[in-house]
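One structure below.
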Amino acid sequence: MTSRFDHEWLRLSGEAERVVASARFPSDSAWFSGHFPDNPIVPGVALIALVAEAVSERERSEGRSLVITGVRRVRFRLPVRPDDEVTLEAIRMPKKEGPAYVFNVYLAGENVCSGVFTAETPRS
């Protein structure tokens with residue numbers, strides 16, 4: 001499976017209520033251009049984009065549209081480097097105003113990033 005965000009999906013599974021995926025950012029990824037010379041790391045926005053893409057893809061596979069409306073409580077704990085394999089998990093929490101997804105990204109079992117996506121389902 002390819003990606004719009006310049007990473008390689010290794011696995012994407014689960015239901016839209018609980019998405020599990022693994023991916024890696026190849027060393028020639030555009031994400032590393034200038035971030036940072038001689039010490040490349042995956043930018044935090046790339047990790048957030050990875051989770052958003054996984055969640056959106058699982059929703060689409062179940063015939064639903066989803067628009068991410070916000071990201072909150074994001075915490076970055078560890079750097080991700082070229083060719084590192086990360087695993088993510090996102091769990092849908094039903095909310096009155098629209099779904100929210102609590103997410104975590106892991107590298108070798110250590111938490112790299114966590115946060116919450118808020119979303120809405122577009123009206124037809």
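Within the 4.5 Å cutoff, the side chain of Pro99 has no heavy atoms near those of the Phe117 side chain. Looking at Val42 and Phe32, their side chains come closer than 4.5 Å, going by heavy atoms from C-beta outward. Between Phe25 and Leu47, the closest side-chain pair of non-hydrogen atoms falls below 4.5 Å. Put simply, the side chain of Leu66 reaches to within 4.5 Å of the side chain of Tyr101, judged on heavy atoms. Residues Glu89 and Val102 are not in side-chain contact: their nearest non-hydrogen atoms beyond the backbone lie 4.5 Å or more apart. The shortest side-chain heavy-atom distance between Phe76 and Val105 does not fall under the 4.5 Å cut-off.
Put simply, Val55 and Val71 are part of the same group of oily side chains (I, L, V, M, F, W, Y) that touch within less than 4.5 Å, one to the next.
Put simply, the side chain of Thr69 gets close to the backbone of Thr118: a donor and an acceptor are under 3.5 Å apart. With hydrogens and angles ignored, the 3.5 Å screen pairs a side-chain donor or acceptor of Asp84 with a backbone N or O of Arg81.
Remark: Arg77 pairs with Asn111, Ser114 by the side-chain hydrogen bond (donor to acceptor under 3.5 Å, both in side chains) rule, at least two apart or across chains.
For the pair Pro79 and Ile41, the tightest heavy-atom approach, listed with the atom from each and the gap, is CB-CG2, 3.9 Å. Listed here is the closest heavy atom pair of Pro26 and Asp83: CA-OD1, 3.4 Å.
Taking the charged nitrogens against the carboxylate oxygens, Arg24 and Glu85 have no contact shorter than 4.0 Å, which rules out a salt bridge.
Under the side chain to side chain donor-acceptor pair (under 3.5 Å) test applied with Glu62, the options Arg64, Arg58, Arg60 reduce to a single match, Arg64.
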